Structure formats: structure tokens, C-alpha cells
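Here is the structure we will look at.
Residue numbers begin at 1 in each chain, while the letters A, B, ... track the order of the sequences. Computed from a predicted model, the values in this text were never measured in an experiment. Values below: every heavy atom of this structure, side chains too, minus hydrogens, waters and symmetry copies.
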Number of protein chains: 2
Amino acid sequence: MDKSALFYKLVSFTNSVHQVTHELTRNAKSDSITQVQYKILEYITVSQPVTTSEISSCMNMSLPNTSRELRKLSEKRLIDKIDDTEDRRKQYIRLSNDGEIMMNKSFASIETRFLERVQNASNDDLEDIEKALDILQKKLFYQ
Amino acid sequence: MDKSALFYKLVSFTNSVHQVTHELTRNAKSDSITQVQYKILEYITVSQPVTTSEISSCMNMSLPNTSRELRKLSEKRLIDKIDDTEDRRKQYIRLSNDGEIMMNKSFASIETRFLERVQNASNDDLEDIEKALDILQKKLFYQ
DNA sequence: TGATTTACTTATCAAATGATAAGTAAGAGG
DNA sequence: CCTCTTACTTATCATTTGATAAGTAAATCA
């Protein structure tokens with residue numbers, strides 16, 4: 001097994017994933033938030049409740065900048081900050097109702113584009129895709 | 001086959017790909033160029049020769065901004081611009097020698113991290129990974 | 001040949017992002 | 001109790017990035 005050849009395949013693959021992700025998510029984001037704010041909301045959506053520190057380290061941004069962006073999201077009423085009752089330095093971040101509504105819309109838009117993309121795939125194709133996603137997530141893109 | 005469930009799997013998967021890509025490529029970029037400039041060089045590396053317009057549309061950036069960044073890369077002697085002899089409005093972009101050297105270093109660094117990531121994978125695992133990459137690229141992340 | 005389109009450049013401005021210093025307040029450890 | 005560490009905030013600044021207007025020069029088209 002030539003690992004170098006596999007590496008080049010991976011480079012090409014990740015480029016495709018980035019391209020297609022861009023294609024699927026274009027216009028999904030509301031104009032009232034920035035790209036970084038959208039990525040933060042996306043992370044909160046799938047991981048809530050999360051602390052500010054967790055967001056900071058998972059999104060690879062500094063704590064001060066994370067704090068600033070969360071303040072902006074809070075001012076836009078898209079997230080709620082809930083103080084931890086045990087450790088009062090911590091606070092848990094959740095989507096607010098407005099945030100839920102916004103992210104539901106975004107995900108619906110992305111899902112629509114996804115469905116367009118796989119509309120011609122057979123059931124066998126879809127099963128192949130699912131298995132392939134599982135294998136790669138487990139064996140290559142594990143965290 | 002539940003396409004909605006598959007969609008959620010895809011969301012989780014693309015997040016993992018982004019995370020791992022970030023992990024593999026950290027420190028791969030020279031400090032003398034910006035993130036966007038690095039992405040442009042990466043695109044030129046795998047697609048050269050390319051025109052300014054092609055870079056602009058494939059990287060989803062405006063022609064003026066693309067032109068500016070290419071000028072900066074040219075000033076740093078990382079790319080060469082070659083006038084098209086047939087259509088004199090066009091110019092083809094290539095890596096310069098210095099650009100080749102820089103990108104070879106970057107790719108070597110990324111490959112090293114990739115090899116660390118798969119060092120415990122068996123030959124069967126690697127074959128599974130390769131097949132999965134092929135399937136997804138063909139059936140889901142096609143351009 | 002004149003009008004239109006294409007490929008690209010220059011210039012300018014605003015906004016987003018990143019980096020860093022300095023601070024507060026609470027928990028943890030000796 | 002005192003020190004250290006953790007979790008987070010505020011403030012500030014530089015840089016990067018994005019958007020837009022206006023221009024040049026070459027090709028195409030009618």
C-alpha cells in the first residue's frame with residue numbers, strides 16, 4: 001500500500017469536500033451575522049450546552065475573541081448564557097429561541113441542496129455513501 | 001434509506017474533515033504569507049498553469065482581490081506570470097522555483113502529520129480508506 | 001469600424017478577524 | 001490564609017479580507 005499515493009488522494013478529497021461544503025452552504029447564512037459567528041452557532045447547535053472555553057479551543061480561536069463574538073451573538077439575541085451553579089466562573093452557552101429558528105432555517109436550506117445533490121443516487125449508492133462516511137470518520141477523520 | 005439521517009451524518013463528517021484538515025495543516029504554512037495566499041498557492045500547485053480568472057472563480061473571490069493577492073505573491077517571488085501568446089489579455093500563473101520549494105516543504109509537513117495519523121492502520125484499513133475516499137469523491141463530493 | 005465583451009488592474013473603503021495586554025472573580029492546593 | 005490557576009471579560013491595535021468604482025487593453029461581433 002503506497003501511503004504517499006493515498007496522501008495525494010486525501011489532498012484532492014479534502015479540496016472536494018471544502019468546495020462542496022461551500023456550494024451546499026452558500027446563502028444558508030443570514031446576512032445579520034458574520035461567517036465566524038455562523039460557524040460558532042453551528043458548533044453550538046450540534047454540541048450545546050458548551051462553555052466559552054470549549055468553543056474557543058474547538059474553533060481554534062483565542063478566548064478574548066471568542067468572548068467578543070459570543071457577546072455579539074448575545075446582543076443579537078441568538079444565544080443564551082447560563083451560569084453554572086457549581087463552578088461560578090463557568091457559563092454554558094445555548095441557542096436562544098431565535099437562534100434555534102435561525103439555525104433550523106440554515107440547516108433546512110443546506111439539507112435541500114444536499115437532497116438535490118443525491119437526488120439521482122440509488123438506494124445502493126446511498127448505502128455505499130453511508131458506509132464510506134462511517135469508515136472515514138472512524139479510521140481517518142477521528143478527533 | 002433515511003436521507004435526513006444521512007444528512008446529519010454528513011454534517012458531522014464535514015466538521016470532522018475540517019477539524020482534521022486544520023490539525024494536519026497547522027504550521028505547514030510559512031509565516032511570510034497569509035492564509036488566503038497559502039490557499040491560492042495550494043490551488044496553483046495542483047492546477048498549474050491557471051489563469052487569474054480561474055483562480056478567482058474556483059476560490060470564490062472577486063477578480064480585483066485575486067489580482068491583488070497574486071501581485072503580492074509575485075512580489076514575494078513565489079509565482080510567475082506568463083503572458084498567453086494567443087490571447088494577450090490572458091496570463092498563466094505558475095509557481096516560481098521559490099514557490100515550488102515552499103510548497104514542497106508545506107506538503108511534506110502535511111504528509112508527515114498524515115503518516116502519523118495512519119501509522120497504526122493495517123493494510124486492510126488503508127485499503128478501506130482508499131475505497132471510501134473514491135466512493136465519496138465520485139458519488140457525493142463530485143464537482 | 002464601432003460597439004460590446006472579456007481579462008485583468010488600480011485604488012479606496014469598510015468590516016472582519018487576529019493578537020495581545022491587562023483586568024476580575026472564583027476555585028484549588030499547600 | 002495565601003498563592004496559583006482557571007474561566008472569562010474588556011480594551012486596543014494591526015492586519016487581512018471583502019466589496020465596489022473606475023480604468024486599460026485586447027478580443028469579438030455585428
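Contact annotation for B:Gln35: backbone-only contact, meaning every heavy-atom pair under 4.0 Å involves sugar-phosphate atoms and none involves a base. Residue contacts shown for B:Lys81 are limited to sugar-phosphate atoms, with no base heavy atom under 4.0 Å away. Backbone-only contact: B:Thr51 has heavy atoms under 4.0 Å from sugar-phosphate atoms and none from a base. Using a 4.0 Å heavy-atom cutoff across all strands shown, A:Glu86 reaches sugar-phosphate atoms only and no base atom. Heavy atoms of A:Gln91 sit under 4.0 angstrom from primed sugar atoms or phosphate atoms, though from no base atom. Backbone-only engagement by B:Asp87 is indicated by non-hydrogen atom pairs under 4.0 Å involving sugar-phosphate atoms exclusively.
Following rounding to the nearest Å, B:Ile93 (CD1) and C:dA7 (P) show an atom-to-atom distance of 14 Å. Nucleotide C:dA15 holds its P atom 14 Å from the CD atom of A:Gln37, rounded to whole Å. Atom pair A:Lys72:NZ and D:dC8:P shows a separation of 19 Å (rounding to whole Å applied). The CG-C1' distance, from B:Leu73 to D:dT16, rounds to 14 Å in whole Å. To the nearest angstrom, P of D:dA14 lies 16 Å from CG of A:Asn65. One can place CE of A:Met61 at 14 Å from P of D:dC8, the figure rounded to the nearest angstrom. The CG atom of B:Asp31 sits 13 Å away from the C1' atom of C:dA19 (whole-angstrom rounding). In this entry the distance linking CD1 of B:Ile55 with C1' of C:dA7 reads 13 Å, nearest Å.
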query = Could you walk me through whether B:Lys9 and A:Asp134 pass the salt bridge (charged side-chain N to carboxylate O under 4.0 Å, His left out) check?
reply = CA-CA 8 Å; B:Lys9 197 163 269 194; A:Asp134 286 337; 3.1 Å; yes
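Relative to the six-membered ring of B:Tyr142, A:Arg117 meets both conditions, a distance below 6.0 Å and an angle of at most 45° to the axis.
Here the nucleotide nearest the side chain of A:Thr52, chosen from D:dC8, D:dA26, C:dT10, is D:dC8. In the set C:dT17, C:dC8, D:dT16, C:dT17 carries the atom at the smallest distance from any side-chain atom of A:Thr34. Residue B:Arg88 has its side chain nearest to D:dA26 when only D:dA26, D:dA7, C:dC8 are considered. When the nucleotides D:dT10, D:dT17, C:dA11 are ranked by their closest atom to the side chain of B:Val36, D:dT17 comes out on top. You'll find that the side chain of B:Ser62 is closest to D:dT20, out of D:dT20, C:dT6, D:dT6. In the set D:dC8, D:dT17, D:dA27, the nucleotide with an atom closest to the side chain of B:Arg68 is D:dT17.
Using a 4.0 Å cut-off between charged side-chain N and carboxylate O, B:Arg113 and B:Glu116 make no salt bridge. Ion pairing of B:Asp98 with B:Arg77 is absent here, as no side-chain N (NZ or NE/NH1/NH2) approaches a carboxylate O to less than 4.0 Å.
One N or O on the side chain of B:Thr112 and one on the backbone of B:Ala108 form a donor-acceptor pair closer than 3.5 Å.
A donor atom on one side chain and an acceptor atom on the other are found under 3.5 Å apart for B:Ser32 and B:Ser30.
Between A:Arg71 and A:Arg89, the residue whose closest nucleotide on DNA chain D is further toward the 5' end is A:Arg89.
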